[in-house]
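Have a look at the structure below, then the notes.
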There are 2 protein chains.
Amino acid sequence: MKKMISPKQVARAIGVSESTLKRWCDRGLISMTKTAGGHRRMELDAVVRFLRESGHEIVEPELLGLPAAVGQTGWTLNRASERISSALVAGEETVVRQVVFDLLLAGHTVTAIFDDVLAPVMHQIGEKWACGEAAVYQERRACEICMRILHELRTTTQNTREKAPIALGATLEHDIYTIPVTMGEVVLRNVGWQATSLGPNLPADTLIKSIREARPRLFWVSVSFIANETSFITAVNSLFETADATGTALAIGGQALSQSVRKQIQYSTFCESLRDLELFARTLNPVPSHPTPPPTDNVTSVESL
Amino acid sequence: MKKMISPKQVARAIGVSESTLKRWCDRGLISMTKTAGGHRRMELDAVVRFLRESGHEIVEPELLGLPAAVGQTGWTLNRASERISSALVAGEETVVRQVVFDLLLAGHTVTAIFDDVLAPVMHQIGEKWACGEAAVYQERRACEICMRILHELRTTTQNTREKAPIALGATLEHDIYTIPVTMGEVVLRNVGWQATSLGPNLPADTLIKSIREARPRLFWVSVSFIANETSFITAVNSLFETADATGTALAIGGQALSQSVRKQIQYSTFCESLRDLELFARTLNPVPSHPTPPPTDNVTSVESL
DNA sequence: CTGGAATTCATTCAAATCGATCATTCTATC
DNA sequence: GATAGAATGATCGATTTGAATGAATTCCAG
């Protein structure tokens, strides 16, 4: 299942001494477990998470089984986009994953990766499909791959603290595009929220019910497709009414939102991009830029299971 | 009579060397008995207890159990179903994940977990929703959680060898239920295939194109919903035609397949369950019951740098 | 029941890791 | 520039781990 890595490997990969790495572990900066004999073992995810949070450069990525191009080349976002685009069309999931993790380790935030790489690329693939340059199955397979990567990102960057505020997200009826909602989920989780996507294609009244029952601090709605403008507008407005009454902020965004529609709906904030969503979330619930969770005693909590 | 496990299996499952595991046994960390000839044998319970107490991760849960474990499994699976069902409705993702991985750890195959737990539970939740006992968003959230778990299972059982045969899967037009297709993907990957789900809601002609281009050994189609019987039947039959011509086996299954429809479509095999799919796949591409891929040497190759 | 293949045993040895200690380097402050 | 405090890197003996070995045991098919 999860390959466990030894301190020596990690130390060499990061380029610090073994002593230092052990101290970091003991301070709780890298979540780890100990073997029955007291040796430290850590998961790749934990190491990656630490690298991202601490801003450390990776010296020898090969030692962790990671793509080799990380520190040095520093993928430009443009080059990465091209590579990901062709890999997505060709169904080469591994390549996509590698490049994305490359970008992560090179210091790009998930938000930036989504806004500047994945979203444009998926949009472009959608156009290719519309023009007949790509087969339907290729476009759909690209979506599947994208979702897999998103789920992985969700688990590797998951940082949920106990008292984090709750956020719910969804897509309205007839809008079946899951990717943007899930991106929102990953972004929000990444800035410390307990974000949960309820999925796509949900009628407004059930969303209202979910707000009443879960009392989230934030509700985000992604709009990639509008079947009927009038019913969409009434849906959003009824949603906003409940949200407003229960102290829930309503964030809305998406490519299908034209100016004319936008004028007729109510919301707490309009998001042009995931960056906007992240910013708004930060405003609602300010957190220190580098979380550095107080030595959460991961070990003991794990061992007490 | 409880099933006894050998040190070798346990060692590989936990991800430590056999020597170390035996030392732990001798230190009394894992309760065990010895055969008349002095060989160590331990119960699953003892191993699980040790794992919990020491906080060790499971590396290859499959190794701890055999598919034929039928003893008290019924009870366990039933209890697990109840627990998962309520957790899914309540949106408690962590609980679901915990129980599922517990089952894996207890030696159930993913196939069994899907067939006997997840699929019935999701079906039941669907009924609750139809009866108005569950809100729409609860049902949809359950699907989302289920998908996340499936994706995790998919990555944790990534066993793809180079020369593994290719399998493609999808759902036909108007059928938007992703879960069964993805379950098929996980099951097939688990028995050594390079399985890729193309996603839901795909027209037959693009699937035909995908077969022509990727030349898979197996194509599986999940059918959870049929919009129009006649167009469905022609779609499946045209798909089968291409599959047959290119040497691709066509496996089909799903709850929406009534007897009458079934009589009018062609396929290589009909799957009542994922077990059937797994069996068929094994027939197509027999693999040793315990894959035991030549120790992939990830560690040594890394350490030798 | 029997023979051979596969597994496991106990043991040994090299490599890795532990915890602790100490010297060095970095950093912020006066 | 001087200095105190913190982080880092190096080292040491004791412990843990992983791999290899030949002998003993178990398993399975005939």
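Letters A, B, ... are given to chains in the order of the sequence lines, protein chains preceding strands, and every chain is numbered from 1.
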Nearest to side-chain heavy atoms of [X], which nucleotide of [options]:
X	options	result
A:K34	C:dT17, D:dT8, C:dG19	C:dG19
B:P7	C:dC9, C:dG19, D:dT8	C:dC9
B:T35	C:dT17, C:dT8, D:dT26	D:dT26
B:H39	C:dT8, C:dT17, D:dT8	C:dT8
B:V16	C:dT7, C:dG19, D:dG18	D:dG18

Rounded to whole Å, how long is the line connecting atom [atom1] of [X] with atom [atom2] of [N]?
X	N	atom1	atom2	result
B:D26	C:dC9	CG	P	9 Å
A:K8	D:dG9	NZ	P	16 Å
B:L29	D:dT15	CG	P	16 Å
A:R27	D:dT8	CZ	P	6 Å
B:L21	C:dT7	CG	P	16 Å
B:Q9	C:dT7	CD	P	10 Å
B:E18	D:dA19	CD	P	11 Å
B:I14	D:dG18	CD1	C1'	15 Å

Within the side chain of B:D115, is there an N or O that forms a donor-acceptor pair under 3.5 Å with the backbone of B:S273?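 Here the side-chain-to-backbone pair does not exist.
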If you take atom types as modelled and just measure distance, does the side chain of [X] reach the base of [N] with a donor-acceptor pair under 3.5 Å?
X	N	result
A:S19	D:dA10	yes
A:R40	C:dG19	no
B:R23	D:dG18	yes

Let me confirm one number: the CG-CD1 distance from A:L104 to A:I113, rounded to the nearest 0.5 Å.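 A:L104 atom CG to A:I113 atom CD1 measures 4.0 Å (nearest 0.5 Å).
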Check for me whether the distance between the ring centres of A:F50 and A:W24 falls short of 6.0 Å.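 Judged by ring-centre distance (under 6.0 Å), A:F50 and A:W24 do meet the cut-off.
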Side-chain contact test, heavy atoms from C-beta onward, threshold under 4.5 Å: evaluate it for A:V100 versus A:I84 and give yes or no.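 Side-chain contact under 4.5 Å: yes.
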Check the phosphate of [N] against [X], side-chain N and O only, distance under 4.0 Å to OP1 or OP2. Yes or no?
X	N	answer
B:K22	C:dT8	no
B:T20	D:dG18	yes
B:W24	D:dT17	yes

Result of checking A:D116, A:T109, A:T111 against A:R275 for side-chain hydrogen bond (donor to acceptor under 3.5 Å, both in side chains):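 When A:D116, A:T109, A:T111 are each tested with A:R275, the side-chain hydrogen bond (donor to acceptor under 3.5 Å, both in side chains) holds only for A:D116.
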